[in-house]
There are 2 protein chains.
Amino acid sequence: MNVVDVAVPGARYPIRIAPGRLDCLDEAIPADATAIGLVTNPTVASLYAERAERALARTGRKVVRIELPDGEEHKDWRTLNQIFDALLSNGFDRRSVLVALGGGVIGDMTGFAAAVYMRGIRFVQVPTTLLAQVDSSVGGKTGVNHPLGKNMVGAFHQPVAVEIDTDVLATLPAREVSAGLAEVIKYGMILDAGFWAWCEEHATSLRALDRRVLGHAIQVSCELKAKVVAQDERESGLRAILNLGHTFGHAIESGLGYGAWLHGEAVGCGMVQAAELSAEVAGFPVADVARVRKLVEAIGCPTTAPDLGAERWMALMRVDKKAEGGEIRFVLTPRIGQAITRAAPEDAVRRVLARTVG
Amino acid sequence: MNVVDVAVPGARYPIRIAPGRLDCLDEAIPADATAIGLVTNPTVASLYAERAERALARTGRKVVRIELPDGEEHKDWRTLNQIFDALLSNGFDRRSVLVALGGGVIGDMTGFAAAVYMRGIRFVQVPTTLLAQVDSSVGGKTGVNHPLGKNMVGAFHQPVAVEIDTDVLATLPAREVSAGLAEVIKYGMILDAGFWAWCEEHATSLRALDRRVLGHAIQVSCELKAKVVAQDERESGLRAILNLGHTFGHAIESGLGYGAWLHGEAVGCGMVQAAELSAEVAGFPVADVARVRKLVEAIGCPTTAPDLGAERWMALMRVDKKAEGGEIRFVLTPRIGQAITRAAPEDAVRRVLARTVG
């Protein structure tokens with residue numbers, strides 16, 4: 001078993017990575033827990049909920065299953081309230097624990113419910129998509145969407161443990177594998193040129209879910225993310241670089257309606273756009289733009305952005321959480337393995353849109 | 001001007017107490033604020049919003065007024081979303097600041113909106129009721145109600161400043177003055193027998209809003225609360241004693257429907273019930289139960305609890321946030337000026353209900 005430690009001010013927790021972790025979830029539950037809420041969706045539940053419940057039942061605590069509707073379009077207040085209804089009607093107190101069994105949507109909503117239920121209870125992340133395993137389950141960002149913007153309402157709330165069962169990826173649809181790989185290669189692009197080159201070399205094995213190769217990719221991704229989060233939990237500086245491709249990506253998701261594209265697909269395409277913008281304003285080599293496009297393609301993500309109309313694109317990017325005083329801020333990369341955050345001139349952004357929108 | 005300092009891990013802020021603070025609100029806004037949202041309700045707005053806006057305008061920042069419907073029955077998700085709608089449609093970013101101008105409901109909702117908007121922005125408390133000035137605006141508890149329980153969804157989020165203008169109490173209805181005084185005498189009952197005796201002596205002047213007497217009561221209350229919060233921000237122990245009378249009180253509010261009784265009225269009555277229960281199980285002198293009833297009456301709060309039916313009373317108290325593993329926990333007082341938290345036997349609770357319900 002591989003263990004990656006995450007440490008932020010006031011919290012420290014392990015990410016445990018191994019095949020079969022699903023059958024050991026009781027190990028993640030604190031000894032003084034009074035009850036356990038297993039939050040999941042029907043798709044994941046049909047595959048894994050019973051195994052998870054069997055493991056959790058070994059704690060001797062009451063385990064209540066809370067099934068939420070599947071999909072990013074349900075990541076809102078209404079669905080969140082389903083969790084509160086279930087917790088309150090089952091008498092869950094401040095020492096109860098939630099377990100998020102699912103992808104990023106389940107993890108973000110469960111984490112946010114834990115952050116605000118009775119002003120904060122504990123929770124465990126059990127990510128079942130590649131994207132959630134390498135990104136959203138680590139670092140304590142939680143939240144729900146608002147009709148005017150993604151993740152606009154949320155909290156920083158760290159889990160007490162992250163349990164990554166690499167076996168569950170076998171049932172993941174190919175599109176979700178590609179979406180998860182977008183976040184994997186992102187770590188290389190912003191932090192580690194060597195890992196980027198390794199991803200270029202292993203793109204085919206990664207898509208084919210080669211167990212050894214994928215296990216390495218997950219571990220390196222978690223390590224790189226943990227390092228960033230340890231330095232800047234609240235995204236007052238460094239952590240923002242993890243949003244490479246996200247300003248464009250969020251506009252795609254929001255503009256097409258949440259759920260049309262997977263988050264990772266939007267980020268993959270957004271990385272190509274960020275590379276183009278970096279070439280415009282941050283000295284990123286034009287030849288490397290082609291490398292980025294090629295790897296995003298190789299992992300199976302779209303590289304042509306949807307035509308939302310230039311004005312709509314600009315308006316959607318202006319509500320991004322990184323925006324400050326009306327300026328749109330982007331994560332840019334001067335070269336592969338490095339990242340900076342800064343505002344970009346509007347005309348450069350418009351040129352990139354003209355080149356990347358299909 | 002009197003200033004009380006509040007210090008918790010990671011946050012430190014002043015409570016400024018003086019007549020006329022409303023005209024100096026610009027002093028509370030951090031220099032790097034990008035925009036200001038003034039959250040209030042129509043009742044308070046008609047009296048004070050323009051003065052507040054004039055002061056805030058001196059910062060040179062955009063000031064957006066957000067008026068929420070008045071009353072505890074609107075302290076819910078739906079109303080909270082009105083704040084998010086206003087912030088997002090006005091382009092409020094992570095460096096914007098909210099100002100809560102109103103009573104406890106406005107303060108709790110504004111604070112919670114600030115806690116979760118873009119995962120946390122800053123806010124200033126400008127409490128306009130006595131209850132909010134001596135209690136809810138200090139200490140960072142924020143939240144909204146759920147149909148199954150009061151303040152069940154919320155966060156700990158400290159303001160950057162609390163501005164208490166003692167002049168605004170002149171327009172406060174007598175019922176709200178009494179409700180606020182319930183929290184004032186509560187501090188004496190749990191922490192300071194001398195202050196309790198002083199309240200007994202000055203009950204008439206307090207109700208009459210004698211400026212000098214009331215100013216002293218506000219300052220002592222803030223000092224006592226700040227001291228408790230500094231030791232235990234997250235209510236893992238000591239802070240729970242501030243909830244004297246609240247387990248009974250929350251049941252009254254929830255059982256009658258939020259808004260029927262004022263929060264302070266429910267707490268006042270709940271203190272009489274807590275005194276009775278303390279006499280049953282914590283050695284509280286029976287003679288002092290009469291003292292408590294007399295002072296609660298003297299400040300103008302009800303001392304007879306509403307008849308919700310014994311089973312409903314028990315069920316409502318079981319969903320209290322202090323409940324753990326199904327046991328109802330109460331704040332009890334062995335003698336005036338001291339408090340403890342503990343579970344009480346159900347038969348003792350039922351005897352108290354039989355004696356105190358009208």
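In this structure a side-chain-to-backbone donor-acceptor pair under 3.5 Å is present from A:Arg119 to B:Thr142.
To the nearest 0.5 angstrom, A:Asp93 atom CG is 13.5 Å from B:Arg318 atom CZ.
The choice from B:Leu87, B:Val116, B:Val153 that makes the most heavy-atom pairs within less than 4.5 Å of chain A is B:Val116. Ranked by heavy-atom pairs shorter than 4.5 Å toward chain B, the options A:Phe112, A:Phe84, A:Phe156, A:Trp77 are led by A:Trp77.
Residue-environment remark: CZ (A:Arg78) stays at or below the threshold of 12 foreign heavy atoms within 6.0 Å.
A:Asp85 and B:Leu148 make their closest contact through O-CD1, 4.3 Å (heavy atoms, listed as atom of the first residue, atom of the second, distance).
Looking at residues two or more places apart in sequence or on another chain, you find no ring pair (Phe, Tyr, Trp, His ring centres under 6.0 Å) involving B:Tyr117.
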Run the side chain to side chain contact (heavy atoms under 4.5 Å, CB included) test on B:Asn151 and A:Met118 for me, step by step, so that the C-alpha distance in whole Å, both residues' side-chain angles and the decisive distance to 0.1 Å come before the verdict. CA-CA 7 Å; B:Asn151 292 321; A:Met118 294 192 174; over 6 Å; no
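Neither the backbone nor the side chain of B:Phe92 comes within contact range of chain A; no heavy atoms are under 4.5 Å apart.
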